[in-house]
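Here the structure is laid out as structure tokens; the discussion comes afterwards.
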Amino acid sequence: MTDDEAMGVALDEARAAAGHGDVPVGAIVIGADGTILARRHNQRELDNDPTAHAEILALRDAAKVLGTWRLSGASLVVTLEPCPMCAGAAVAARAGRIVFGAADPKTGATGSLYNLCADPRLNHELSVTHGVRAAEASELLTSFFVDRRSQIE
């Protein structure tokens, strides 16, 4: 599965999040063998859970599928650059890489604001590929917030 194809699956998940009022962020975890281990989307509003980010949910599900918390060789593909919590979870899970679409200059922790994935002070580093289908991911987020603001006014 290419990064572009994987991001397509993550974008489908992001659209599902918007369907129940959550910020449209989707994530998938691809195993070292190329199979999709997990696919999730934001559920903070749905679950009333501040940690229910797409990445956290997908990493949890992937660990259950593999029967281990060590996700060595796995790729986390997400529509929006992970925040510090999610990037930290990918580091803690020993994931192999992160692929993301839209950059997040306010909370991005894989290069925009912080770079937890390449911090030699941590016990694990992983590669990051950024900008995969970024325009599509950004448009989902922009449309969501435009709609949300128009409902408030």
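Since the model is a prediction, treat every value here as computed from it, not as a measurement.
Here R39 contributes atom CZ and I30 contributes atom CD1; the two are 11.0 Å apart, rounded to the nearest 0.5 Å. Note: T51 OG1 to Q43 CD = 10.5 Å, rounded to the nearest 0.5 Å. Residue R94 holds its CZ atom at 8.0 Å from OG of S72, rounded to the nearest 0.5 Å.
Neither M7 nor L59 shares a network with the other; the hydrophobic side chains, linked directly or stepwise wherever heavy atoms of I, L, V, M, F, W or Y lie under 4.5 Å apart, form separate groups for each. Both F144 and V25 are members of a single hydrophobic cluster when ILVMFWY side chains are connected at heavy-atom separations under 4.5 Å. One hydrophobic cluster, built from ILVMFWY side chains closer than 4.5 Å, holds both V91 and L76. Residues V132 and L11 share a hydrophobic cluster, clusters being chains of Ile/Leu/Val/Met/Phe/Trp/Tyr side chains in contact below 4.5 Å. Put simply, V29 and L66 are part of the same group of oily side chains (I, L, V, M, F, W, Y) that touch within less than 4.5 Å, one to the next.
Under a 3.5 Å cut-off, the side chain of E13 and the backbone N or O of I28 do not form any donor-acceptor pair. Between the side chain of T35 and the backbone N or O of G31, no donor-acceptor pair lies under 3.5 Å. Between the T79 side chain and the G26 main chain, a donor and an acceptor come within less than 3.5 Å of each other. Checked by atom type and distance alone, the side chain of E81 pairs as donor or acceptor with a backbone atom of S112 at under 3.5 Å. In this structure a side-chain-to-backbone donor-acceptor pair under 3.5 Å is missing from N42 to D22. No donor-acceptor distance shorter than 3.5 angstrom exists from the side chain of R133 to the backbone of G131, with no hydrogens or angles considered.
The nearest pair of heavy atoms linking P120 to E125 is CA-OE2, 3.3 Å. Of all non-hydrogen atoms in D61 and A38, the two that sit nearest each other are CB-CB, 3.6 Å. Summarising the geometry of G88 relative to L116, their closest heavy-atom pair is N-CD1, 4.0 Å, with the distance given to 0.1 Å. The two residues V65 and L37 come nearest to each other via the heavy atoms CG2-O, 3.5 Å. What you find for A14 and L140 is that their closest heavy atoms are CB-CD1, 3.8 Å. Residues P82 and I98 approach most closely at CG-CG2, 4.1 Å, considering heavy atoms.
Atom NE2 of H124 is surrounded by more than 12 heavy atoms from other residues, nucleotides or ligands within 6.0 Å.
Residues passing the side-chain contact (heavy atoms from CB on, under 4.5 Å) test with T107 are C83, D104, sequence neighbours excluded.
A 4.5 Å side-chain heavy-atom check between V23 and E45 finds every atom pair outside the cut-off.
Here E139 does not pair with R15 in a salt bridge; the nearest charged N to carboxylate O distance is not below 4.0 Å.
Donor-acceptor pairing under 3.5 Å is lacking for the side chains of T2 and D4.
The ring-ring contact (aromatic ring centres under 6.0 Å, His included) pairs that include a residue from residues 7-62 are H20-H41, where partners are two or more places apart or lie in different chains.
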